[in-house]
Trainee: 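Would you mind keeping the following structure in view while I ask a few things?
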Amino acid sequence: MKFPGSVLVSVFLFVAETATALYLSSTYNSAGDRIWLSLTLLFALLPCVLVQFTLIFIHRDLKRDRPLVLLLHMLQLGPLIRCVEVFCIYFQAGRVEEPYVSITKKKHIPKNGLTEEIEKEVGRAEGKLFTHRSAFSRASVIQAFLGSAPQLTLQLYISVLQQEITIGRSIFMSLSLLSIVYGALRCNILAIKIKYDEYEVNVRPAAYLCIFLWRSFEIATRVVVLVLFSSVLQIWILPVVLLNFFGFFFYPWILFWRSGSPFPENIKAMSRMGTTIVLCFLTFLYAGINMFCWSAVQLKINSPDLINKSQNWYRLTVYYMLRFIENAFLLLMWYIYKTDIYMYVCAPLLILKLLIAYCTAILFMLVFYQFFHPCKKLFSFSLSQGLLSCFRSLCFPCKRQRRSDPAERVELKSPDDSESPMQQQKSEPQNRNPNLNVPSNS
(Lines give C-alpha, C1' and ligand atoms only; values in the text may rest on other atoms or scores of the structure.)
Protein backbone atom coordinates (compact mmCIF):
# COMPACT_ATOMS: atom_id res chain seq x y z
CA MET A 1 0.00 0.00 0.00
CA LYS A 2 1.37 3.39 -1.01
CA PHE A 3 2.54 5.69 1.78
CA PRO A 4 0.20 8.75 2.02
CA GLY A 5 2.99 11.31 1.67
CA SER A 6 0.85 13.73 -0.36
CA VAL A 7 -1.58 14.01 2.57
CA LEU A 8 1.28 14.87 4.92
CA VAL A 9 2.60 17.56 2.56
CA SER A 10 -0.86 19.10 2.13
CA VAL A 11 -1.48 19.28 5.88
CA PHE A 12 1.99 20.69 6.57
CA LEU A 13 1.52 23.50 4.03
CA PHE A 14 -1.99 24.21 5.33
CA VAL A 15 -0.89 24.48 8.98
CA ALA A 16 2.40 26.31 8.31
CA GLU A 17 0.87 28.90 6.00
CA THR A 18 -2.10 29.57 8.29
CA ALA A 19 0.10 29.92 11.38
CA THR A 20 2.53 32.25 9.58
CA ALA A 21 -0.36 34.35 8.27
CA LEU A 22 -1.73 34.80 11.79
CA TYR A 23 1.72 35.81 13.06
CA LEU A 24 2.19 38.31 10.25
CA SER A 25 -1.29 39.70 10.89
CA SER A 26 -0.33 40.37 14.50
CA THR A 27 2.69 42.39 13.32
CA TYR A 28 0.47 44.46 11.02
CA ASN A 29 -1.92 45.02 13.91
CA SER A 30 0.93 46.20 16.13
CA ALA A 31 2.14 48.58 13.41
CA GLY A 32 -1.38 49.95 12.87
CA ASP A 33 -1.62 48.79 9.23
CA ARG A 34 -5.34 48.02 9.20
CA ILE A 35 -5.60 47.52 5.44
CA TRP A 36 -2.74 45.02 5.25
CA LEU A 37 -4.11 43.29 8.35
CA SER A 38 -7.57 42.89 6.83
CA LEU A 39 -6.32 41.64 3.45
CA THR A 40 -3.86 39.20 5.01
CA LEU A 41 -6.56 37.71 7.24
CA LEU A 42 -8.99 37.54 4.31
CA PHE A 43 -6.60 35.59 2.08
CA ALA A 44 -5.66 33.34 5.02
CA LEU A 45 -9.13 32.49 6.35
CA LEU A 46 -11.06 32.28 3.06
CA PRO A 47 -9.13 29.23 1.76
CA CYS A 48 -9.35 27.65 5.22
CA VAL A 49 -13.15 27.75 5.09
CA LEU A 50 -13.21 26.49 1.48
CA VAL A 51 -10.88 23.61 2.35
CA GLN A 52 -13.19 22.54 5.20
CA PHE A 53 -16.23 22.57 2.90
CA THR A 54 -14.30 20.64 0.24
CA LEU A 55 -13.34 17.84 2.61
CA ILE A 56 -16.89 17.64 3.98
CA PHE A 57 -18.38 17.58 0.48
CA ILE A 58 -16.06 14.87 -0.88
CA HIS A 59 -16.49 12.62 2.16
CA ARG A 60 -20.27 13.31 2.27
CA ASP A 61 -20.17 13.91 6.02
CA LEU A 62 -23.48 15.80 5.98
CA LYS A 63 -25.27 12.53 5.14
CA ARG A 64 -23.43 10.57 7.86
CA ASP A 65 -23.75 10.70 11.61
CA ARG A 66 -20.37 12.23 12.45
CA PRO A 67 -21.03 15.29 14.67
CA LEU A 68 -17.50 15.34 16.13
CA VAL A 69 -15.90 15.53 12.68
CA LEU A 70 -18.25 18.34 11.65
CA LEU A 71 -17.45 20.22 14.87
CA LEU A 72 -13.71 19.93 14.20
CA HIS A 73 -14.25 21.24 10.68
CA MET A 74 -16.13 24.22 12.09
CA LEU A 75 -13.10 24.87 14.33
CA GLN A 76 -10.87 24.75 11.19
CA LEU A 77 -9.21 21.55 12.43
CA GLY A 78 -10.64 19.29 9.73
CA PRO A 79 -7.38 18.65 7.81
CA LEU A 80 -5.60 17.64 11.03
CA ILE A 81 -8.21 15.07 12.08
CA ARG A 82 -8.36 13.76 8.51
CA CYS A 83 -4.58 13.34 8.50
CA VAL A 84 -4.71 11.39 11.78
CA GLU A 85 -7.47 9.21 10.31
CA VAL A 86 -5.40 8.56 7.17
CA PHE A 87 -2.36 7.34 9.11
CA CYS A 88 -4.51 5.22 11.43
CA ILE A 89 -5.94 3.48 8.36
CA TYR A 90 -2.48 3.12 6.81
CA PHE A 91 -0.78 1.55 9.86
CA GLN A 92 -3.72 -0.74 10.65
CA ALA A 93 -4.05 -2.01 7.08
CA GLY A 94 -2.99 -5.61 6.56
CA ARG A 95 -3.24 -6.61 10.22
CA VAL A 96 -6.80 -7.87 9.86
CA GLU A 97 -8.18 -9.71 6.86
CA GLU A 98 -10.75 -7.52 5.15
CA PRO A 99 -14.16 -9.09 4.51
CA TYR A 100 -14.80 -6.93 1.46
CA VAL A 101 -12.68 -6.24 -1.60
CA SER A 102 -13.51 -4.80 -4.99
CA ILE A 103 -12.03 -5.63 -8.38
CA THR A 104 -10.72 -2.84 -10.62
CA LYS A 105 -9.58 -3.22 -14.20
CA LYS A 106 -6.76 -1.09 -15.54
CA LYS A 107 -4.79 -1.10 -18.77
CA HIS A 108 -1.02 -0.89 -18.96
CA ILE A 109 0.53 1.80 -21.12
CA PRO A 110 0.98 -0.02 -24.47
CA LYS A 111 4.43 -1.37 -25.30
CA ASN A 112 5.30 -2.55 -28.79
CA GLY A 113 1.74 -1.92 -29.90
CA LEU A 114 0.17 -4.24 -27.29
CA THR A 115 -2.14 -3.21 -24.45
CA GLU A 116 -2.59 -5.55 -21.47
CA GLU A 117 -5.58 -5.28 -19.15
CA ILE A 118 -4.99 -6.33 -15.56
CA GLU A 119 -7.32 -6.88 -12.63
CA LYS A 120 -6.46 -5.67 -9.18
CA GLU A 121 -8.11 -6.31 -5.82
CA VAL A 122 -8.75 -3.14 -3.84
CA GLY A 123 -9.47 -3.57 -0.15
CA ARG A 124 -11.64 -1.34 1.95
CA ALA A 125 -8.67 0.36 3.62
CA GLU A 126 -7.00 1.09 0.29
CA GLY A 127 -10.26 2.51 -1.05
CA LYS A 128 -10.52 4.85 1.94
CA LEU A 129 -6.92 5.99 1.46
CA PHE A 130 -7.64 6.68 -2.21
CA THR A 131 -10.62 8.88 -1.23
CA HIS A 132 -8.51 10.78 1.30
CA ARG A 133 -5.70 11.36 -1.20
CA SER A 134 -8.18 12.61 -3.77
CA ALA A 135 -9.81 14.95 -1.25
CA PHE A 136 -6.50 16.42 -0.09
CA SER A 137 -5.29 16.88 -3.67
CA ARG A 138 -8.35 18.98 -4.49
CA ALA A 139 -8.04 20.86 -1.21
CA SER A 140 -4.40 21.70 -2.03
CA VAL A 141 -5.43 23.18 -5.38
CA ILE A 142 -8.11 25.31 -3.70
CA GLN A 143 -5.73 26.51 -1.00
CA ALA A 144 -3.03 27.32 -3.57
CA PHE A 145 -4.98 29.44 -6.04
CA LEU A 146 -7.73 30.96 -3.90
CA GLY A 147 -5.48 31.72 -0.94
CA SER A 148 -1.73 31.38 -1.44
CA ALA A 149 -1.57 33.04 -4.88
CA PRO A 150 -3.32 36.31 -3.90
CA GLN A 151 -1.52 36.19 -0.55
CA LEU A 152 1.91 35.98 -2.21
CA THR A 153 1.00 38.82 -4.56
CA LEU A 154 -0.17 40.97 -1.64
CA GLN A 155 2.92 40.38 0.53
CA LEU A 156 5.31 41.04 -2.36
CA TYR A 157 3.40 44.25 -3.15
CA ILE A 158 3.73 45.36 0.49
CA SER A 159 7.46 44.61 0.40
CA VAL A 160 7.91 46.71 -2.74
CA LEU A 161 6.01 49.68 -1.28
CA GLN A 162 7.84 49.53 2.04
CA GLN A 163 11.16 48.65 0.36
CA GLU A 164 11.76 46.11 3.09
CA ILE A 165 11.42 42.34 3.43
CA THR A 166 11.20 41.16 7.03
CA ILE A 167 12.14 37.65 8.09
CA GLY A 168 8.53 36.75 8.86
CA ARG A 169 7.30 38.03 5.51
CA SER A 170 10.07 36.25 3.59
CA ILE A 171 9.19 32.94 5.29
CA PHE A 172 5.52 33.54 4.56
CA MET A 173 6.14 34.32 0.89
CA SER A 174 8.34 31.22 0.55
CA LEU A 175 5.60 29.03 2.02
CA SER A 176 2.99 30.64 -0.22
CA LEU A 177 5.08 30.09 -3.35
CA LEU A 178 5.72 26.48 -2.35
CA SER A 179 1.99 26.00 -1.74
CA ILE A 180 1.09 27.40 -5.17
CA VAL A 181 3.67 25.27 -6.97
CA TYR A 182 2.53 22.18 -5.09
CA GLY A 183 -1.11 22.96 -5.93
CA ALA A 184 -0.22 23.35 -9.61
CA LEU A 185 1.71 20.07 -9.49
CA ARG A 186 -1.30 18.28 -7.97
CA CYS A 187 -3.45 19.86 -10.67
CA ASN A 188 -1.19 18.36 -13.35
CA ILE A 189 -1.30 14.91 -11.76
CA LEU A 190 -5.08 15.10 -11.34
CA ALA A 191 -5.46 16.04 -15.01
CA ILE A 192 -3.36 13.06 -16.11
CA LYS A 193 -5.23 10.58 -13.91
CA ILE A 194 -8.64 11.91 -14.96
CA LYS A 195 -7.86 11.93 -18.68
CA TYR A 196 -6.33 8.44 -18.61
CA ASP A 197 -8.54 6.92 -15.96
CA GLU A 198 -8.68 3.50 -17.68
CA TYR A 199 -4.86 3.18 -17.63
CA GLU A 200 -2.43 2.40 -14.83
CA VAL A 201 -0.50 5.67 -14.54
CA ASN A 202 2.91 5.79 -12.86
CA VAL A 203 4.56 9.20 -12.61
CA ARG A 204 8.35 9.04 -12.40
CA PRO A 205 10.42 11.30 -10.08
CA ALA A 206 11.93 13.04 -13.12
CA ALA A 207 8.42 14.03 -14.19
CA TYR A 208 7.68 15.51 -10.76
CA LEU A 209 10.93 17.49 -10.87
CA CYS A 210 10.19 18.78 -14.36
CA ILE A 211 6.66 19.88 -13.39
CA PHE A 212 8.00 21.52 -10.23
CA LEU A 213 10.55 23.59 -12.18
CA TRP A 214 8.02 24.43 -14.89
CA ARG A 215 5.46 25.70 -12.39
CA SER A 216 8.01 27.49 -10.18
CA PHE A 217 9.34 29.66 -13.02
CA GLU A 218 5.88 30.27 -14.47
CA ILE A 219 4.15 31.29 -11.23
CA ALA A 220 7.04 33.31 -9.79
CA THR A 221 7.39 35.29 -13.02
CA ARG A 222 3.66 35.95 -13.23
CA VAL A 223 3.45 37.21 -9.63
CA VAL A 224 6.46 39.51 -10.03
CA VAL A 225 5.05 40.99 -13.26
CA LEU A 226 1.67 41.71 -11.63
CA VAL A 227 3.33 43.30 -8.59
CA LEU A 228 5.63 45.52 -10.68
CA PHE A 229 2.75 46.74 -12.82
CA SER A 230 0.45 47.36 -9.85
CA SER A 231 3.15 49.30 -7.99
CA VAL A 232 3.21 52.04 -10.66
CA LEU A 233 -0.31 51.84 -12.12
CA GLN A 234 -2.55 50.98 -9.17
CA ILE A 235 -5.78 51.92 -10.93
CA TRP A 236 -5.10 49.96 -14.11
CA ILE A 237 -4.28 46.68 -12.35
CA LEU A 238 -7.96 46.25 -11.54
CA PRO A 239 -9.12 46.10 -15.20
CA VAL A 240 -6.25 43.72 -16.02
CA VAL A 241 -7.19 41.33 -13.20
CA LEU A 242 -10.93 41.51 -13.86
CA LEU A 243 -10.51 40.99 -17.60
CA ASN A 244 -8.35 37.91 -17.00
CA PHE A 245 -10.56 36.50 -14.28
CA PHE A 246 -13.97 36.96 -15.91
CA GLY A 247 -12.61 35.90 -19.29
CA PHE A 248 -11.61 32.51 -17.90
CA PHE A 249 -14.70 32.33 -15.67
CA PHE A 250 -17.20 32.71 -18.51
CA TYR A 251 -15.23 30.78 -21.14
CA PRO A 252 -16.50 27.29 -20.10
CA TRP A 253 -20.05 28.64 -19.84
CA ILE A 254 -19.89 30.21 -23.30
CA LEU A 255 -18.74 26.89 -24.78
CA PHE A 256 -21.55 25.13 -22.92
CA TRP A 257 -24.22 27.55 -24.16
CA ARG A 258 -22.93 27.31 -27.74
CA SER A 259 -23.00 23.52 -27.64
CA GLY A 260 -26.74 23.49 -26.95
CA SER A 261 -26.35 20.61 -24.46
CA PRO A 262 -28.83 20.11 -21.61
CA PHE A 263 -27.93 21.28 -18.14
CA PRO A 264 -25.83 18.61 -16.33
CA GLU A 265 -27.74 16.70 -13.66
CA ASN A 266 -25.15 14.13 -12.60
CA ILE A 267 -23.19 15.75 -9.75
CA LYS A 268 -23.72 13.34 -6.84
CA ALA A 269 -27.54 13.42 -7.20
CA MET A 270 -27.70 17.10 -6.23
CA SER A 271 -30.55 19.48 -6.93
CA ARG A 272 -30.42 21.90 -9.83
CA MET A 273 -29.53 24.75 -7.50
CA GLY A 274 -26.78 22.71 -5.84
CA THR A 275 -25.40 21.67 -9.23
CA THR A 276 -25.34 25.32 -10.33
CA ILE A 277 -23.46 26.35 -7.19
CA VAL A 278 -20.89 23.58 -7.64
CA LEU A 279 -20.37 24.44 -11.32
CA CYS A 280 -19.96 28.14 -10.50
CA PHE A 281 -17.38 27.28 -7.84
CA LEU A 282 -15.50 25.05 -10.29
CA THR A 283 -15.39 27.80 -12.91
CA PHE A 284 -14.35 30.27 -10.19
CA LEU A 285 -11.44 28.00 -9.26
CA TYR A 286 -10.65 27.44 -12.94
CA ALA A 287 -10.40 31.21 -13.46
CA GLY A 288 -8.20 31.59 -10.37
CA ILE A 289 -5.78 28.95 -11.65
CA ASN A 290 -5.52 30.45 -15.13
CA MET A 291 -4.83 33.88 -13.67
CA PHE A 292 -1.42 32.65 -12.55
CA CYS A 293 -0.61 29.60 -14.68
CA TRP A 294 -1.93 27.18 -17.27
CA SER A 295 -4.69 24.98 -15.89
CA ALA A 296 -3.88 21.40 -16.83
CA VAL A 297 -7.52 20.45 -16.12
CA GLN A 298 -9.78 21.92 -18.81
CA LEU A 299 -13.44 22.27 -17.85
CA LYS A 300 -16.12 21.00 -20.19
CA ILE A 301 -19.53 21.52 -18.62
CA ASN A 302 -21.44 19.52 -21.23
CA SER A 303 -19.28 16.43 -20.53
CA PRO A 304 -20.44 13.82 -17.98
CA ASP A 305 -17.05 14.05 -16.25
CA LEU A 306 -16.97 17.89 -16.53
CA ILE A 307 -13.43 17.51 -17.89
CA ASN A 308 -12.15 17.77 -21.45
CA LYS A 309 -10.14 14.56 -21.85
CA SER A 310 -8.60 15.37 -25.22
CA GLN A 311 -5.05 16.75 -25.43
CA ASN A 312 -5.66 20.17 -26.99
CA TRP A 313 -2.30 21.52 -28.18
CA TYR A 314 -4.03 24.44 -29.88
CA ARG A 315 -5.45 25.86 -26.63
CA LEU A 316 -2.13 25.31 -24.84
CA THR A 317 -0.19 27.17 -27.56
CA VAL A 318 -2.61 30.09 -27.69
CA TYR A 319 -2.57 30.46 -23.89
CA TYR A 320 1.23 30.71 -23.60
CA MET A 321 1.54 33.00 -26.61
CA LEU A 322 -1.04 35.43 -25.23
CA ARG A 323 0.33 35.22 -21.70
CA PHE A 324 3.87 35.98 -22.90
CA ILE A 325 2.60 38.98 -24.88
CA GLU A 326 0.62 40.21 -21.87
CA ASN A 327 3.58 39.88 -19.50
CA ALA A 328 5.81 41.73 -21.96
CA PHE A 329 3.22 44.52 -22.30
CA LEU A 330 2.80 44.90 -18.52
CA LEU A 331 6.58 45.07 -18.08
CA LEU A 332 6.79 47.71 -20.81
CA MET A 333 4.16 49.82 -19.00
CA TRP A 334 6.08 49.40 -15.77
CA TYR A 335 9.30 50.53 -17.49
CA ILE A 336 7.60 53.63 -18.91
CA TYR A 337 5.87 54.70 -15.68
CA LYS A 338 8.32 53.44 -13.04
CA THR A 339 8.78 55.68 -10.02
CA ASP A 340 11.73 56.66 -7.84
CA ILE A 341 11.49 53.52 -5.70
CA TYR A 342 13.12 51.68 -8.62
CA MET A 343 15.96 54.20 -8.86
CA TYR A 344 18.62 51.60 -8.06
CA VAL A 345 17.08 48.84 -10.18
CA CYS A 346 18.42 48.13 -13.66
CA ALA A 347 15.03 48.01 -15.37
CA PRO A 348 16.09 46.59 -18.78
CA LEU A 349 18.04 43.79 -17.12
CA LEU A 350 15.12 42.97 -14.81
CA ILE A 351 12.70 42.82 -17.76
CA LEU A 352 15.10 40.56 -19.66
CA LYS A 353 15.47 38.23 -16.65
CA LEU A 354 11.70 37.94 -16.19
CA LEU A 355 11.08 37.19 -19.86
CA ILE A 356 13.88 34.60 -19.86
CA ALA A 357 12.42 33.04 -16.71
CA TYR A 358 9.02 32.70 -18.39
CA CYS A 359 10.65 31.16 -21.45
CA THR A 360 12.47 28.77 -19.12
CA ALA A 361 9.11 27.70 -17.70
CA ILE A 362 7.86 27.00 -21.23
CA LEU A 363 11.04 25.03 -21.93
CA PHE A 364 10.49 22.77 -18.91
CA MET A 365 6.87 22.30 -19.97
CA LEU A 366 8.00 21.17 -23.44
CA VAL A 367 10.56 18.81 -21.90
CA PHE A 368 7.88 17.30 -19.69
CA TYR A 369 5.42 16.62 -22.51
CA GLN A 370 8.12 15.39 -24.88
CA PHE A 371 10.11 13.09 -22.57
CA PHE A 372 8.54 12.60 -19.11
CA HIS A 373 4.76 12.55 -19.57
CA PRO A 374 3.64 9.13 -18.24
CA CYS A 375 1.08 8.70 -21.05
CA LYS A 376 3.00 10.20 -23.97
CA LYS A 377 2.64 6.94 -25.92
CA LEU A 378 -1.12 7.52 -26.00
CA PHE A 379 -0.84 10.90 -27.74
CA SER A 380 -2.28 10.99 -31.24
CA PHE A 381 0.61 13.30 -32.14
CA SER A 382 3.94 14.01 -30.55
CA LEU A 383 4.51 17.40 -28.97
CA SER A 384 6.48 18.72 -31.95
CA GLN A 385 3.82 17.59 -34.43
CA GLY A 386 1.02 19.08 -32.34
CA LEU A 387 2.75 22.45 -31.91
CA LEU A 388 3.70 22.58 -35.59
CA SER A 389 0.08 21.99 -36.53
CA CYS A 390 -0.98 24.72 -34.10
CA PHE A 391 1.43 27.26 -35.59
CA ARG A 392 0.26 26.36 -39.06
CA SER A 393 -3.36 26.86 -38.05
CA LEU A 394 -2.51 30.23 -36.47
CA CYS A 395 -0.26 31.56 -39.23
CA PHE A 396 -1.72 29.90 -42.31
CA PRO A 397 -5.39 29.16 -41.56
CA CYS A 398 -6.44 28.92 -45.20
CA LYS A 399 -3.65 26.57 -46.24
CA ARG A 400 -4.20 24.40 -43.22
CA GLN A 401 -7.86 23.81 -44.08
CA ARG A 402 -6.83 22.36 -47.45
CA ARG A 403 -3.87 20.33 -46.24
CA SER A 404 -4.84 18.97 -42.82
CA ASP A 405 -5.83 15.34 -42.68
CA PRO A 406 -8.85 14.04 -40.71
CA ALA A 407 -6.75 12.96 -37.73
CA GLU A 408 -5.41 16.49 -37.26
CA ARG A 409 -8.92 17.90 -37.44
CA VAL A 410 -10.03 15.61 -34.64
CA GLU A 411 -7.01 16.47 -32.49
CA LEU A 412 -7.11 20.23 -32.99
CA LYS A 413 -10.88 20.61 -32.93
CA SER A 414 -12.07 23.56 -30.91
CA PRO A 415 -13.84 22.82 -27.61
CA ASP A 416 -17.19 24.08 -28.93
CA ASP A 417 -17.53 21.38 -31.62
CA SER A 418 -20.76 19.46 -31.76
CA GLU A 419 -19.23 16.04 -31.16
CA SER A 420 -20.71 14.55 -28.02
CA PRO A 421 -18.47 13.58 -25.06
CA MET A 422 -19.40 9.90 -25.41
CA GLN A 423 -18.21 9.91 -29.02
CA GLN A 424 -14.92 11.49 -27.98
CA GLN A 425 -14.36 8.86 -25.30
CA LYS A 426 -15.06 6.08 -27.76
CA SER A 427 -12.75 7.51 -30.40
CA GLU A 428 -9.84 8.38 -28.11
CA PRO A 429 -8.50 4.88 -27.40
CA GLN A 430 -8.40 4.29 -31.15
CA ASN A 431 -6.51 7.49 -31.93
CA ARG A 432 -4.22 7.89 -28.93
CA ASN A 433 -1.54 5.47 -29.99
CA PRO A 434 -0.53 5.22 -33.61
CA ASN A 435 1.23 1.93 -32.94
CA LEU A 436 -1.91 -0.04 -32.06
CA ASN A 437 -2.43 -1.41 -35.59
CA VAL A 438 -4.86 1.37 -36.49
CA PRO A 439 -5.10 2.15 -40.22
CA SER A 440 -3.42 5.44 -41.03
CA ASN A 441 -5.47 8.26 -42.46
CA SER A 442 -2.54 9.62 -44.38
Trainee: Between I165 and S170, which heavy-atom pair has the shortest distance, and what is it?
Mentor: CG2-CB, 3.8 Å

Trainee: Would you mind listing every ring-ring contact (aromatic ring centres under 6.0 Å, His included) that reaches into residues 134-157, with sequence neighbours excluded?
Mentor: none

Trainee: Among residues at least two apart in sequence or on other chains, which ones pass side-chain contact (heavy atoms from CB on, under 4.5 Å) with P150?
Mentor: F43

Trainee: Is a side-chain donor or acceptor of S179 paired with a backbone partner of L175 at a separation under 3.5 angstrom?
Mentor: no

Trainee: Can you label the angle between the W257 ring and the W253 ring as parallel, tilted or perpendicular, going by 30° and 60°?
Mentor: tilted

Trainee: Assess whether atom CD1 of I336 is packed by more than 12 heavy atoms of other residues, nucleotides or ligands within 6.0 Å.
Mentor: yes

Trainee: Does any part of the side chain of S148, heavy atoms only, come nearer than 4.5 Å to the side chain of F172, both counted from C-beta?
Mentor: no

Trainee: Could you report the tightest heavy-atom contact between Q151 and A44, atom names first, then the distance?
Mentor: NE2-N, 3.6 Å

Trainee: Enter the distance from S295:OG to L316:CG here, rounded to the nearest 0.5 Å.
Mentor: 11.0 Å

Trainee: Main chain of Y286, side chain of N290: is a donor-acceptor contact present, judged purely on distance under 3.5 Å?
Mentor: yes

Trainee: Which residues pass the salt bridge (charged side-chain N to carboxylate O under 4.0 Å, His left out) test with E17, sequence neighbours left out?
Mentor: none

Trainee: Under the side-chain contact (heavy atoms from CB on, under 4.5 Å) rule, collect the residues that match up with K193, sequence neighbours excluded.
Mentor: I189

Trainee: Compare all side-chain heavy atoms of F53 with those of V49 and state whether any distance is below 4.5 angstrom.
Mentor: yes

Trainee: Taking the six-membered ring for Trp, are Y319 and F324 closer than 6.0 Å centroid to centroid?
Mentor: no

Trainee: Check ring-ring contact (aromatic ring centres under 6.0 Å, His included) between Y342 and all other residues, then give those that pass, not counting sequence neighbours.
Mentor: W334

Trainee: Assess whether atom CG of L322 is packed by more than 12 heavy atoms of other residues, nucleotides or ligands within 6.0 Å.
Mentor: yes

Trainee: Identify the two heavy atoms, one from W36 and one from Q162, that lie closest to each other, and give their separation to 0.1 Å.
Mentor: NE1-NE2, 4.0 Å

Trainee: Supply the atom-to-atom distance R186 CZ to S134 OG, rounded to the nearest 0.5 angstrom.
Mentor: 9.5 Å

Trainee: According to salt bridge (charged side-chain N to carboxylate O under 4.0 Å, His left out), who are the partners of R222, at least two apart in sequence or on a separate chain?
Mentor: E326

Trainee: In Å, rounded to the nearest 0.5 Å, how long is the span from CE of M291 to CZ of R323?
Mentor: 7.0 Å

Trainee: Test of understanding: with ring-ring contact (aromatic ring centres under 6.0 Å, His included), list the residues that count as partners of Y23, not counting sequence neighbours.
Mentor: none

Trainee: Show the numbers, then the answer: is there a side-chain contact (heavy atoms from CB on, under 4.5 Å) between R138 and L55?
Mentor: CA-CA 9 Å; R138 287 157 175 79; L55 295 177; over 6 Å; no

Trainee: Looking at side-chain heavy atoms only, is the closest gap between L146 and L46 below 4.5 Å?
Mentor: no

Trainee: Test side-chain contact (heavy atoms from CB on, under 4.5 Å) on V203 and Y208 and set out the steps.
Mentor: CA-CA 7 Å; V203 184; Y208 281 111; 3.7 Å; yes

Trainee: Using ring-ring contact (aromatic ring centres under 6.0 Å, His included) as the criterion, list what pairs up with F245, not counting sequence neighbours.
Mentor: F284

Trainee: Which atoms form the tightest heavy-atom contact between A361 and E218, and what is the distance?
Mentor: CB-N, 3.5 Å

Trainee: Are side-chain heavy atoms of L255 and I301 found at a separation under 4.5 Å?
Mentor: no

Trainee: Yes or no on side-chain contact (heavy atoms from CB on, under 4.5 Å) for S230 and W236, after CA distance, side-chain angles and deciding distance?
Mentor: CA-CA 7 Å; S230 61; W236 288 101; over 6 Å; no

Trainee: Quick check for you: to the nearest 0.5 Å, what is the distance between I56 atom CD1 and I58 atom CD1?
Mentor: 11.0 Å

Trainee: Can you see which heavy atom on V227 is nearest to which on T153, and at what distance?
Mentor: CG2-O, 3.6 Å

Trainee: Any side-chain hydrogen bond (donor to acceptor under 3.5 Å, both in side chains) pairs touching residues 344-361, not counting sequence neighbours?
Mentor: none

Trainee: What residues, two or more places apart in sequence or in another chain, satisfy side-chain contact (heavy atoms from CB on, under 4.5 Å) together with C210?
Mentor: F364, V367, F368, F372

Trainee: Can you find a heavy atom in the side chain of L355 that is under 4.5 Å from one in the side chain of I351?
Mentor: yes

Trainee: At their closest point, which heavy atom of V232 faces which heavy atom of T339, and how far apart are they?
Mentor: CG1-N, 4.0 Å

Trainee: Is it true that, when you exclude I235 itself, more than 12 heavy atoms of the residues, nucleotides or ligands shown sit nearer than 6.0 Å to its CD1?
Mentor: no

Trainee: For residues H373 and I192, determine if any side-chain heavy atom of one lies less than 4.5 Å from a side-chain heavy atom of the other.
Mentor: yes

Trainee: Do T166 and E164 pass the side-chain contact (heavy atoms from CB on, under 4.5 Å) test, and can you show the C-alpha distance, the side-chain angles, and the key distance before you say yes or no?
Mentor: CA-CA 6 Å; T166 61; E164 178 188 12; 3.9 Å; yes

Trainee: Give the ring-plane orientation class for W214 versus Y320, where under 30° counts as parallel, over 60° as perpendicular and anything between as tilted.
Mentor: tilted

Trainee: Could you tell me which residues satisfy side-chain hydrogen bond (donor to acceptor under 3.5 Å, both in side chains) with T40, sequence neighbours excluded, listed by chain and number?
Mentor: Q155

Trainee: Mind checking salt bridge (charged side-chain N to carboxylate O under 4.0 Å, His left out) for R169 and listing every partner two or more places apart, or none if nothing turns up?
Mentor: none

Trainee: Among T221, V181, L185, I180, whose side-chain contact (heavy atoms from CB on, under 4.5 Å) with S216 holds?
Mentor: V181

Trainee: Atom CD1 of I89 and atom CG of L129: how far apart are they, to the nearest 0.5 Å?
Mentor: 5.5 Å

Trainee: Classify the ring geometry between F87 and Y90 as parallel (under 30°), tilted (30 to 60°) or perpendicular (over 60°).
Mentor: perpendicular

Trainee: Taking the side chain as every heavy atom from C-beta outward, state whether L8 and F12 have any atom pair closer than 4.5 Å.
Mentor: no

Trainee: How long is the gap from CG on N29 to CG on L22, to the nearest 0.5 Å?
Mentor: 12.0 Å

Trainee: Regarding K128 and the six-membered ring of F130, is the cationic atom NZ or CZ under 6.0 Å from the ring centre and inside 45° of its axis?
Mentor: no

Trainee: For the side chain of S231 and the backbone of L228, is there at least one donor-acceptor N/O pair under 3.5 Å apart?
Mentor: yes

Trainee: State, with a plain yes or no, whether a side-chain heavy atom of L80 is found less than 4.5 Å away from one of F14.
Mentor: no

